[in-house]
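One structure is given below, encoded as C-alpha cells.
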Amino acid sequence: MYIMFSGSGVSKRSALLLLFAASSSVSTRNMAAPVESKIDCILFSEFHPTAGPKITYQVPEDYISKELFDAIHIYIITKPQLQGRLIMANVFGKKIMGCPVCIDHPKYARNALIFNICFVFASTANSRPYEKIVRKLSTYLISLEKDSGLISNEDSKTKLPKIMSQILTDLNEKGSCAVQVADEVTTIYLKTVQVTSTPTEVHLHDVPIFTVKKDSFFPQQWDLTTQQILPYIDGIRHISRIAAEADVAISLVKSCTENMLYYGVITLLPIFQYSNVYTVTAKINHLAEDVTLQNECIKYAIKAGQAVSPTFRDIFMLYCSLRPGTAVKDWCARHNPQQLNVDEKKLIQFGLLKGLIRRIHKYPLSITTEPNCNKLRQLIPWLDGGHHFDEICCRTGFSYHTLDDMVESDPSIVTCWK
C-alpha cells in the first residue's frame, strides 16, 4: 500500500513524500520513466546525543542542504518501527534511499547508536539495482562497528568520507567496488544488481558459459557452493556433469547457476556434440555488415596456438554452410575448419552467444504406447514429442548414440527436428 505525507514540516513548495510500506521495507515508485541510475551523493547521518539528527558526512559535500535534511530527517533517522527497513523518500527533486540502523548497548550515549548511510539519486532515477547494496552496506557498517568501533570512535569515523567517495566513484563507473577498510583486513564488496522480471529456469542439459572475464568479479563475493562450481564452468560441461564432477547436489548447482544468471555473469548454451545440427538466423546479416563483430568473431574462433588468424571470408562461409540435415561431424569433414585455423567448438559457441546460429534439436515421438524395444518402454514419458535428446539423455543416463540407436531401430517412433 501507499502512504502519502504532505505535512510534517515540509514547505508547500515541496513535492509530496511517498512511502511504500511492506513487511520488511518502505520504498517509492515514480510515475515518470526512470533515467540512468547513477548515484548523485552518499551521505552518512547519525543521531547525536545532544544535537539530535544531523548529516555527519556527505560526498560530495553540501549536496543535501540543511533545510532539506531538517524537513525529511524523520525518514533518515527514524523511529524504532522503521529501523532495519529499506526507506526511500522522493522529495525536492531527489530520491534518498537508506536503511536506518540502531545498535543497542549500554556503552553508547542514551544506550544506543543510531545512524544511516543513504544513497541519493535524481527523482526519476531507477534505483532498484541499488536496494540490496544499501542493505548490504548497512550490514557491513554494523559489523565494523561491533568489531572495531568504526563509527562510535571519533578518530576512526573520520575515515568514512574516503570510503564513501570510493564507493560512489566505483559503483558509478564500474557497477562494483572492493573497498579496503583502514585495518586492511575487512573489504567491502558491493555490486549493482540489474533486476529481471522473470528468473531463467535452469535445466540439467544446459551448459553455463561466462559472459564476462573471470577476473572482472571477485570469487569471494559468491557463496561457498558457487565458489566450488566456478572452476567447472567452461562452456562445455552441462549442469548434470558439473554436479557430478564438483560433488555438489544438482539442486544446489541449479540454484547457484540461476543466481549467476540473475547477475548476468553467465548465460546458457545447449550441449555441444558433433552429432548436433545448427542453422543460421536472420542475425547472420549483422555479421556481414558489422566490422567490429567480425573482428571479435575472428579473435574468438582462432585455433589455439595459431599465429595466423582465419579470414572473415572463411568464417562467414563456415557459418552459412550450417543447415538443417547437416551434422557438425559432416560439416567438419566437408570444410575442415581446423585447416582454416578455426576452432569449430569456439566458432559454434560464438554464433550461439551472439544469436547468429541456433541449435536444431531432435524430438522423439512414439506413435504407440508399446514400443518394440524393452529399454524404450521405460522412456515412454519422454517420447511425447516435447522432450529433445539432450534432456532425455541427462534425465535417463543414456548416451546420445545409445538413445539414437534405440529410436532408429523402432519403427513405432518418429523424430521431429525443430
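Values below: every heavy atom of this structure, side chains too, minus hydrogens, waters and symmetry copies.
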Considering residues, nucleotides and ligands other than [X], do more than 12 of their heavy atoms fall under 6.0 Å from its [atom1]?
{"X": "K79", "atom1": "NZ", "answer": "no"}
{"X": "K136", "atom1": "NZ", "answer": "yes"}
{"X": "D247", "atom1": "CG", "answer": "no"}

If I take atom [atom1] from residue [X] and atom [atom2] from residue [Y], how far apart are they, to the nearest 0.5 angstrom?
{"X": "N259", "Y": "T225", "atom1": "CG", "atom2": "OG1", "answer": "11.0 Å"}
{"X": "R323", "Y": "S321", "atom1": "CZ", "atom2": "OG", "answer": "6.5 Å"}
{"X": "L365", "Y": "S412", "atom1": "CG", "atom2": "OG", "answer": "10.0 Å"}
{"X": "F119", "Y": "S127", "atom1": "CZ", "atom2": "OG", "answer": "11.0 Å"}
{"X": "L141", "Y": "C99", "atom1": "CG", "atom2": "SG", "answer": "10.5 Å"}
{"X": "I188", "Y": "I163", "atom1": "CD1", "atom2": "CD1", "answer": "5.5 Å"}

How are the rings of [X] and [Y] set relative to one another: parallel (under 30°), tilted (30 to 60°) or perpendicular (over 60°)?
{"X": "H361", "Y": "Y363", "result": "perpendicular"}
{"X": "H205", "Y": "H203", "result": "parallel"}
{"X": "W382", "Y": "H387", "result": "perpendicular"}

Taking all non-hydrogen atoms of both residues into account, name the closest pair between [X] and [Y] and its distance.
{"X": "N276", "Y": "I271", "result": "ND2-O, 2.7 Å"}
{"X": "K54", "Y": "S45", "result": "O-OG, 2.8 Å"}
{"X": "I229", "Y": "C256", "result": "CD1-CB, 3.8 Å"}
{"X": "D206", "Y": "P208", "result": "O-CD, 3.6 Å"}
{"X": "P60", "Y": "D40", "result": "CD-O, 3.4 Å"}
{"X": "C297", "Y": "I315", "result": "SG-CG2, 3.7 Å"}

*Test L287 against K354 for side chain to side chain contact (heavy atoms under 4.5 Å, CB included), laying out the working first.*
CA-CA 10 Å; L287 183 62; K354 300 299 182 180; over 6 Å; no
Do the side chain of [X] and the main chain of [Y] share a donor and acceptor less than 3.5 angstrom apart?
{"X": "Y63", "Y": "I42", "value": "no"}
{"X": "T78", "Y": "Y75", "value": "no"}
{"X": "Y278", "Y": "Y319", "value": "no"}

*Looking at F121, does the NZ or CZ of K95 lie under 6.0 angstrom from its six-membered ring centre and within 45 degrees of the ring axis?*
no
*Verify salt bridge (charged side-chain N to carboxylate O under 4.0 Å, His left out) between R334 and E344, making sure each step is shown before the conclusion.*
CA-CA 13 Å; R334 185 176 305 166; E344 64 272 12; over 6 Å; no
*Assess the pair F398 and Y400: is the distance between their ring centroids shorter than 6.0 Å?*
no
*Let me see the working for V59 and F44 under side chain to side chain contact (heavy atoms under 4.5 Å, CB included), right down to the final yes or no.*
CA-CA 9 Å; V59 179; F44 177 82; over 6 Å; no
*Could you walk me through whether E296 and K299 pass the salt bridge (charged side-chain N to carboxylate O under 4.0 Å, His left out) check?*
CA-CA 5 Å; E296 185 181 353; K299 183 178 179 181; over 6 Å; no
